[in-house]
Visitor: 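What follows is a structure written as structure tokens; I'll ask about it next.
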2 protein chains.
Amino acid sequence: MNLRDLRYLLAVAEHEHFGRAAKACGVSQPTLSVQIRKLEDLMGVTLFERSSKTAAPTAACLQLIGHARAAVTEAEAILATARNLRDPLSGRFRLGIIPTLAPYLLPLVFAPLREALPTLELEPWEDQTTALLERLRTHELDAALLATEEDGSDLVSRPLFDEPFLAALPPEHPLAGRPVIVETDLARDILVLADGHCLRDQTMEACGGDAALGGPLRASSLPTLLNMVAAGYGTTLIPGLAAGAAQDAGIVLRPLSTRAGRTVRIAWRAHFPRRAAVEAVGEVIADRLRAFAEGAAAGAV
Amino acid sequence: MNLRDLRYLLAVAEHEHFGRAAKACGVSQPTLSVQIRKLEDLMGVTLFERSSKTAAPTAACLQLIGHARAAVTEAEAILATARNLRDPLSGRFRLGIIPTLAPYLLPLVFAPLREALPTLELEPWEDQTTALLERLRTHELDAALLATEEDGSDLVSRPLFDEPFLAALPPEHPLAGRPVIVETDLARDILVLADGHCLRDQTMEACGGDAALGGPLRASSLPTLLNMVAAGYGTTLIPGLAAGAAQDAGIVLRPLSTRAGRTVRIAWRAHFPRRAAVEAVGEVIADRLRAFAEGAAAGAV
DNA sequence: GATCGCGATAGGCTTGACCTATGAACCTTC
DNA sequence: GAAGGTTCATAGGTCAAGCCTATCGCGATC
């Protein structure tokens, strides 16, 4: 049985006439005769009572056409729905973002994304890198903003912008008077984030790679870390986008001598079919951050 | 688009694996790959995200499979319903019966019909001949029990049994003493049914064919006519099956010298597809009335 | 590095839906 | 009552499409 056959059935039932039904279906009358006959043979039921005048649906036919109409309607609903889904820039887009980036990046890019991609329903999801990669692989996310290189060939990524690190010091700190900070000088009293934050590893690497660095404190979030620094418990490195929040907290910021920083990338599954949406989202973010990245590059020269 | 394609779609979505889905569908894996690809091209939507591990349904696909499942389910419901309708001896069977026959025949044949054709839902419809023929032609009846020959080649009929007429007389009537009645002797004070009853025409023909026969009275039903005869207002001819009711009313019944009678026939549209049901119903009625018909024939010899 | 498993592709076969032309039955009209 | 115009059914040929087997390319795994 075929959806086409069901359409033929409905047409003949409606017109009660093979010729007119054939015209309505855009086929010849013999085609309809043959197909209806096949349908009758398949079902073992006479569907129409033919006479020289008309083709009247039998009682059995009347019982069947309800289902037939439902099937045809559902099939058409599939195509209609597909038409609406055709635009890859439309629909839900679940974007993972690491916690040291989300609170500072989202306010910058949310409105531009809405404006550039009005039909894309952006759903941000904040979590640490490994959790985001896991959710990417299980199709629970469509893309993720990370500050690390992707791992594994099943995922790919492209860089969006460079984010320099800044030294964050309490105002009364001995190094606060210097215009530029040498990272290794921070190692003595540096504070770091908890395990799992990529920023923790990057900070430690920039400051000398000592795994025992940072003492017993493990801040669970960047705002917490900033408050600790502001309170005079130590120093840290912060990503450039957090500069505003750090200054608001009364922290002194200084550029680093080695121009250390991180590259924010957007990552997605290699086979993800809505590549266009990923590209578009990345493009909007990169555009919005271009001034920031150029400023960072200029400052580094 | 095709129901087969939708089944393929559902299978791949369920198994998340082309090979296993192909096995479940009973086709080869390349077949499935090609058909799904065509479906994707038709819809303009990527349905599955393929990788070397698995074929995961996309968000778009998940939105579509609900409709797809509904369409396939409806299509299967058609076949299931058709299977139930396949037996022509099952289902509604609308049988028209003329009013001078229905009250006496139905009590005789209803139970035998139920027993012989338990799945046939018999719906009797009582009306005069012309109305029954009209309803037959408009497909509002499946068959009709008549006492006339069918008219027009679009309808056909077969005889079921012969029903002799009997002279019906008030006990005090002068002719009541005779063992056999000559029909034309009844003409003087005969009572007839209203226009439209075939029995009216047959009575008048048997008694001399005078159109002015029967005086001003036009009984609207046979029971009324019987009561009029019982009350002494005149005589009439009654069909044999009404004999019991007439005797109950206190009427004297006598055979006719010419053995006049009528043939009860079952009529149906020439193209009616449930011919088997018509034949079966007719057969049960003829069987049940065989004794009656033979008795009538014997009585006539 | 070889093997295995996945989906995609290629080439050839066969089915079946379609068309036009024609037939058979029936109705209407002159 | 013969002619012509309906109706649906049938016949024969064409062509698209679905299917198969064989093979490829890619990635993971041992």
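Remember, it's a predicted structure, so these values are computed and weren't measured experimentally. Naming: A, B, ... by sequence-line order, numbering from 1 per chain.
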Visitor: In residues 269-277 of chain B, what residues come within less than 4.0 Å of DNA chain D, judged by heavy atoms?
Guide: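 Heavy-atom contacts with DNA chain D come from no residue of residues 269-277 of chain B; none.
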Visitor: For B/Leu39 and D/dA17, give me the distance from atom CG to atom C1', rounded to whole Å.
Guide: 15 Å
Visitor: Would you indicate which nucleotide in C/dT28, D/dA28, D/dA9 comes nearest to any side-chain atom of B/Lys53?
Guide: D/dA28
Visitor: Whole-Å distance between C/dT9 C1' and B/Phe18 CZ?
Guide: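 Spelled out: CZ on B/Phe18 to C1' on C/dT9 is 14 Å.
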Visitor: Counting only pairs under 3.5 Å, give me each side-chain donor-acceptor contact of residues 62-70 of chain A, with atom names and distances, residues two or more places apart or in other chains.
Guide:
residue, atom, partner, partner atom, Å
A/His67, ND1, B/Glu74, OE1, 2.7

Visitor: With sequence neighbours excluded, tell me which residues meet side-chain hydrogen bond (donor to acceptor under 3.5 Å, both in side chains) with B/Arg262.
Guide: B/Thr100, B/Glu163
Visitor: Are any of the side-chain heavy atoms of A/Val281 and A/Ile266 separated by less than 4.5 Å?
Guide: yes
Visitor: Looking only at side-chain N and O atoms, does A/Arg4 come under 4.0 Å of OP1 or OP2 in C/dC18?
Guide: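 Yes, such a contact exists.
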Visitor: I'd like to know if the side chain of A/Arg20 reaches the main chain of A/Phe18, judged simply by a donor and an acceptor atom lying under 3.5 Å from each other, with no hydrogens or angles considered.
Guide: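 Not at all, since once roles are kept as given, no pair shorter than 3.5 Å links the two residues.
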Visitor: Rounded to the nearest Å, what distance is computed from the CG atom of residue B/Asp154 to the P atom of nucleotide D/dT7?
Guide: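 After rounding, the gap between these two atoms is 18 Å.
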Visitor: More 5' along DNA chain C: B/Gly19 or A/Asp5, using each one's nearest nucleotide?
Guide: B/Gly19
Visitor: B/Leu79: which residues meet the side-chain contact (heavy atoms from CB on, under 4.5 Å) condition with it, sequence neighbours left out?
Guide: A/Met1, A/Leu42, A/Met43
Visitor: Taking CD1 from B/Ile36 and C1' from C/dT9, how many angstroms apart are they, rounded to a whole number?
Guide: 17 Å
Visitor: Quick one: side-chain contact (heavy atoms from CB on, under 4.5 Å) partners of B/Thr263, sequence neighbours excluded?
Guide: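 In terms of side-chain contact (heavy atoms from CB on, under 4.5 Å), with neighbours along the sequence ignored, B/Thr263 is linked to B/Pro159, B/Asp162, B/Arg265.
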Visitor: Flag the pair B/Glu40 and B/Arg50 as a salt bridge only when some basic side-chain nitrogen lies within less than 4.0 angstrom of an acidic carboxylate oxygen.
Guide: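 Salt bridge flag = yes for B/Arg50 with B/Glu40.
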Visitor: OP1, OP2 of C/dG7 versus side-chain N and O of B/Arg37: anything below 4.0 Å?
Guide: no
Visitor: Using whole Å, what does the distance between atom P of nucleotide D/dA9 and atom CG of A/Leu47 come to?
Guide: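 Rounded to whole Å, this separation is 12 Å.
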Visitor: Using a cut-off of strictly less than 4.0 Å between a heavy atom of the residue and any atom of DNA chain C, enumerate the qualifying residues of residues 23-35 of chain A by number.
Guide: A/Gly26, A/Val27, A/Ser28, A/Pro30, A/Thr31, A/Gln35
Visitor: With sequence neighbours left out, write down each residue that passes salt bridge (charged side-chain N to carboxylate O under 4.0 Å, His left out) with B/Arg137, or none if nothing qualifies.
Guide: B/Asp151, B/Asp154
Visitor: Using the test side-chain contact (heavy atoms from CB on, under 4.5 Å), find all partners of A/Ser51 that sit at least two apart in sequence or belong to another chain.
Guide: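 Scan of A/Ser51 (side-chain contact (heavy atoms from CB on, under 4.5 Å), adjacent residues dropped) gives A/Lys53, A/Thr54, B/His271.
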Visitor: Could I get a table of every N or O pair under 3.5 Å where one atom is in the protein and the other is in nucleotides 3-5 of chain C?
Guide:
none

Visitor: Test of understanding: with side-chain hydrogen bond (donor to acceptor under 3.5 Å, both in side chains), list the residues that count as partners of B/Glu134, not counting sequence neighbours.
Guide: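 For B/Glu134, no residue satisfies side-chain hydrogen bond (donor to acceptor under 3.5 Å, both in side chains) once neighbours in sequence are set aside.
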Visitor: Name the closest nucleotide to the A/Arg50 side chain, picking from D/dA17, C/dA17, D/dC8.
Guide: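 Among the listed nucleotides, the one closest to the side chain of A/Arg50 is D/dC8.
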Visitor: Measure the distance from NZ on B/Lys38 to C1' on C/dA8 and round it to the nearest whole Å.
Guide: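 These atoms are roughly 14 Å apart.
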Visitor: Under 3.5 Å, side-chain donor or acceptor atoms of residues 2-14 of chain B against the rest of the protein: list the pairs with distances, not counting sequence neighbours.
Guide:
residue, atom, partner, partner atom, Å
B/Asn2, OD1, B/Arg4, N, 3.0
B/Asp5, OD2, B/Asn2, N, 3.4
B/Arg7, NH1, B/Glu76, OE2, 3.4

Visitor: Is A/Tyr8 touching bases, backbone alone, or none of the nucleic acid, heavy atoms closer than 4.0 Å?
Guide: sugar-phosphate
Visitor: The criterion is side-chain contact (heavy atoms from CB on, under 4.5 Å); which residues satisfy it with B/Arg275, sequence neighbours excluded?
Guide: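 In terms of side-chain contact (heavy atoms from CB on, under 4.5 Å), with neighbours along the sequence ignored, B/Arg275 is linked to B/Trp268, B/Glu279.
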Visitor: Return the value, rounded to whole Å, for the distance between atom CG of A/Asn2 and atom C1' of C/dA17.
Guide: 10 Å
